[in-house]
Amino acid sequence: PSSIESELYQWWTERALFSPDSHAPGSGQPYVIMMPPPNVTAVLHMGHGLNNTVQDVLIRFERMRGRRALWLPGTDHAGIATQNVVERELAEEGLTRFDLGRDAFVERVWAHVRETGAAILEQLKAIGSSADWSRTYFTLDEGLSRAVRETFVRLYEEGLVYRGHYIINWCPRCLTALSNEEVEKEEVDGHLWHLRYPLGDGSGQVTVATTRPETMLGDTAVAVHPDDERYRGLIGREIRLPLVDRLIPIVADEAVDPAFGSGAVKVTPAHDPADFDIGRRHSLPSIDVMTPEARISLATPDRFQGLDRYEARRQVVAEFQAAGLLDRVETHRHAVGHCYRCNTVIEPRLSDQWFVRMEPLARPALEAYRDGTLRFVPERRGDDYSSWLEGIRDWCISRQLWWGHRIPVWYCDATGCGKISVSRHDLNACPGCGGPVRQDEDVLDTWFSSWLVPFSSLGWPERTPDLATYYPGHTMVSAPEILFFWVARMIMSGLHFMGRVPYTDIYLHGTVRDTQHRKMSKSLGNGIDPLEVVDKYGADALRYSLISGMSVGTDVILDPNDLEGSFAAGRNFANKLWNAGRFILSNLPGPARPLAGSHPRVIRRDELTLADRWMIARCDATVVEATEAYQRFRLNEAAAAIYRFIWSDLADWYIEQAKPRLYGDQPGGDVARAVVTQTFDVALRLLHPVMPFITEALWRRFPGRSAADSISVARWPRPDARAHDPAAVRDFGVVQELVGAIRAIRAEYGIPPGQAVRAAVTAESPATVAAVEQERGTITRLAKLSQLTLGESRERVGGHAALSDGTAVFVPLGEAIDVGRECGRLGSEVDRLARLVQSQEQKLGNEQFVSRAPSEVVERERQKLTTWKEQREVLTRKRELLGCV
RNA sequence: GGGCGAAUAGCUCAGCUGGUUCAGAGCGCCUGCCUUACACGCAGGAUGUCGGGGGUUCGAAUCCCUCUUCGCCCACCA
């Protein structure tokens, strides 16, 4: 593979075959897939491998079907992830980004990005991805940045972007706010501490339960349910908050669940979203007791200041215990949020952030699903989509990072003005008073640029020809993990800014996992490097193995400890195909004598042998099967159908039976060559989306191809009614079965491979008799016979078999045979048939069945019974002849 | 706590609208073959209470209920 793949890829690129511009304009309807842009610093892993292979299969399929296929690639600046990479680099030099300052840091990230240069795109090429690289974008490009500003400003003008003071998810390591989607909930076994809070007048106490005792430093109330009898008398009274010695009120709030814990809850408006709401309802103060790094801040007693949140937790608990105020500690399983980039535990934090009001955007997106505009594969994923939209919450889009699209908002500091300006272009002065302005320090969520990709990558907000041609697109191929991050948001932005959904088909494939069903990851060390597989077995083998191991909606399991086992199927198949191709080519007349004149379409039908007709019919059936499977996103089924056709039908049977005709200058050779060339050509085209390299390499070698011809733009095969030939399929099937039966008898009796045997065939059906006559040579050769006779043999000793159509086969073996053994074999065969006959008679004797089952089913079952009875009689007679006891 | 998915050969999985792919494929395993396209191959073969139990039906791997195990998603009971 390595000797052909990179060379072919280069040739494809030089010919610009992956660009729809290279096709004649208007030659077909556009077909567009937007590639999920990998992070600019990413290294190719199996997830990318699977995702991009699927897209490549679909785009190549549609390209060959004549569509103007555009697969649009790009990279994502990946705010947090990329900033983290460069900050780690700096840390090795003993520096932080603050040492460099904002401008120098951003320049440093750019340098890093330019230097590593989206290596992942090169890696995608190595697995054969036929994206249109001439259109590659980067989410921080000028054009896409303009689109980001345009959308921000428009949404602001429409009242859909706002600034607010709320509890958000804060990562104390990345030092930024995160959206709800960027928080990964993880179930952990934690504790529930029950703390006693004394009443202000010392007349008693109230027990509250918490999973985060350190937050009590910022408590500003205790809340109980208004109807809770136990606390009715306490509402309005005060608690003397231990450790900080502050008087806080007891309030009544419906949000409190009387059944949980003690029914009383501590309220920390600055550190819990639910408490924040309670605080607002009761006009409670918010006391922020933590720094951005999640250390205890100044607004607390001295001894806590500067403590890490977990140290503070221990200390608070210890002090409660010492004071006799720790009621009890329970173990408690609950979900804790973690940062999706660094896995640090999220701290809910009160701060000023920018938000997008989502409900107005979600409504049309939901409608597009409900009215059938959007189709999900697998269908059930649509439920995830709609339930997420139904419960959608506002999107926090500001990030306290330096790497990203800076928020286009300027604040005027002039006294008496204080205007906030949201602008499409940079401002130097306040539009209100002309005074000095400063831009918002924050950048936008990375996903705020990627949600625009279906149109921003085509030039929006400019009205470009690309935008007119390629929006809306068609298929989105993605992992379910980014359904909410990206896919759903693109639909919302597409509807809002373009008035149409960006695509209609959403294919969500599974996840690549190891044999323990763990997601492959760098930290677990259970990953497989796709490039290592490409190196060892070739991109085609990688692709085939991924595609064939993947059915709609299920995960792909691969064994990182057994690359051979995981990819042998693909490698073996590629090798098989290569050798079949070499064999066919070596038996064709040279390129000087094109085969046009011996094309099967112009060969007279009466020149075709039964095997030829069967091959052509099988080929046609495979075209139908594979095409339908590709269309239905059942890529593994397409791959399996083509595999079966190439390996079993073409290599094992057709080529084997045609060899005498193919060798040298034999009669009928031109017909066999035409059939094998035609059907192999079709097979290569059908397989090309999955195994692009080897199919191209072989296809180009066939006579009649010009140097410029590429299979990647060759026409997709169409079904041909003339190929339909059920009789040939059935009759050649009998031939195959017959050969198999004789081979089995040979193996059973240990006949040496080199020794020919005789065979007698007793067939009732005239079609079978004719088939055996027509393929006499094939049967003789493939079963290694010295003689093939039709009709009953007078010999008694030998091997017997019965075919499914009732035809009996007898292989006389003279003294070579062990009579006792054959008697035993026949006996068990007769028994098997007798059991079948019995259950079948029972079934047909059942009046319910005969009357209620469809008549054709009943008829079919009757037919089976007849065949089995006949076979039983034949074998019983043989037993008698052999003198079996 | 809610919702969803999976469980079929040693392994990874097909089996779509109950009855002709009905018990399958690939890998692995066993036997025999270096038969000149291919040993990454050829030929032949073994292996299954279709997770357990119940039900619907003339008929269930397939539909329904239930249990068990595994996985995923969602969720502000502190």
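To find a chain, count down the sequence lines: A is the first, B the second, and so on, and within it residues start at 1. Remember, it's a predicted structure, so these values are computed and weren't measured experimentally.
Between the side chain of A/T627 and the main chain of A/V624, no donor-acceptor pair closer than 3.5 Å is present. Checked by atom type and distance alone, the side chain of A/D394 pairs as donor or acceptor with a backbone atom of A/M358 at under 3.5 Å. A/D219 places no side-chain N or O within 3.5 Å of a backbone atom of A/A221 that could act as its donor or acceptor partner.
With ring centers used as reference points, A/Y340 lies under 6.0 Å from A/F485. Aromatic pair A/Y369/A/F376: ring centres closer than 6.0 Å.
Phosphate proximity of B/C13 to A/N636: absent, as no side-chain N or O sits under 4.0 Å from OP1 or OP2. Contact annotation: A/R634 side-chain N/O to B/G15 OP1/OP2 distance is under 4.0 Å. Contact annotation: A/R781 does not reach the phosphate of B/A43 (side-chain N/O to OP1 or OP2, under 4.0 Å). Residue A/H334 places no side-chain N or O under 4.0 Å from the OP1 or OP2 atom of B/G1.
Within 4.0 Å (heavy atoms only), A/H225 reaches no atom of the nucleic acid at all. At the heavy-atom level, A/D257 lies under 4.0 Å from base atoms of the strands shown. Within the 4.0 angstrom heavy-atom criterion, only backbone atoms of the sugar-phosphate kind lie near A/K185; the bases stay farther away. Residue contacts shown for A/R571 include a base, since a base heavy atom lies under 4.0 Å away. Within 4.0 Å of A/S566, counting heavy atoms only, lies no atom of the nucleic acid at all. Looking at heavy-atom distances under 4.0 Å, A/A209 makes contact with a base. In this structure, A/A747 reaches the sugar-phosphate backbone alone: every heavy-atom distance under 4.0 Å involves primed, P, OP1 or OP2 atoms, never a base. Residue-level contact check: A/Y537 touches neither bases nor backbone, having no heavy atom under 4.0 Å from any strand. Nucleic acid contact class of A/R513 (heavy atoms, under 4.0 Å, all strands): sugar-phosphate only. Backbone-only contact: A/R393 has heavy atoms under 4.0 Å from sugar-phosphate atoms and none from a base. Nucleic acid contact for A/E637: base, since at least one base atom lies under 4.0 Å from a heavy atom of the residue. Contact annotation for A/E481: no contact, since no heavy-atom pair falls under 4.0 Å across all strands. No contact: A/A259 has no heavy atom under 4.0 Å from any strand.
Across all strands shown, B/G24 forms a Watson-Crick or G-U wobble pair with B/C13, both key distances being under 3.5 Å. Checking B/C72 for Watson-Crick or G-U wobble geometry (two distances, each under 3.5 Å) identifies B/G3 as its partner. The pairing partner recorded for B/G59 is none, the criterion being a Watson-Crick or G-U wobble arrangement whose two distances lie under 3.5 angstrom. Shown here, B/G41 forms a base pair with B/C33; the pair counts as Watson-Crick or G-U wobble because both key distances fall under 3.5 Å.
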Please enumerate all protein N or O atoms sitting under 3.5 Å from an N or O of nucleotides 31-38 of chain B, with distances to 0.1 Å.
from  : atom 1 : to     : atom 2 : distance (Å)
B/A37 : OP1    : A/K659 : NZ     : 3.2
B/A37 : OP1    : A/Y663 : OH     : 2.8
B/A37 : OP2    : A/Y663 : OH     : 3.3
B/A37 : O2'    : A/N579 : OD1    : 3.2
B/A37 : O2'    : A/R582 : NH2    : 2.7
B/A37 : N7     : A/K659 : NZ     : 3.3
B/A37 : N6     : A/A651 : O      : 3.3
B/A37 : N6     : A/E656 : OE2    : 3.2
B/A37 : N3     : A/N579 : O      : 3.1
B/A37 : N3     : A/A580 : N      : 3.2
B/C38 : O4'    : A/N579 : OD1    : 3.3
B/C38 : O4'    : A/N579 : ND2    : 3.4
B/C38 : O2'    : A/N575 : OD1    : 3.0
B/C38 : O2'    : A/N579 : ND2    : 3.3
B/C38 : O2     : A/K576 : NZ     : 3.0
B/C38 : N3     : A/K576 : NZ     : 2.9

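Taking the C1' atom of each, B/A61 and B/G18 are spaced 11 Å apart, rounded to whole Å. To the nearest whole angstrom, the two P atoms, one in B/A75 and one in B/U69, are 26 Å apart.
Out of B/A78, B/G26, B/A75, the shortest distance to the side chain of A/A569 is found at B/G26. The listed nucleotides are B/C74, B/C16, B/G41; the one nearest the side chain of A/F484 is B/C74.
The side-chain tip of A/R618 does not point at the ring of A/W647 from less than 6.0 angstrom away and within 45° of straight on.
With hydrogens and angles left out, the side-chain atoms of A/E182 and A/S179 include a donor and acceptor closer than 3.5 Å. Side-chain contact annotation: A/E330 with A/H194, donor-acceptor N/O pair under 3.5 Å present.
In this pair, A/W193 and A/H191 present their aromatic rings tilted. The plane angle is within the 30 to 60° band.
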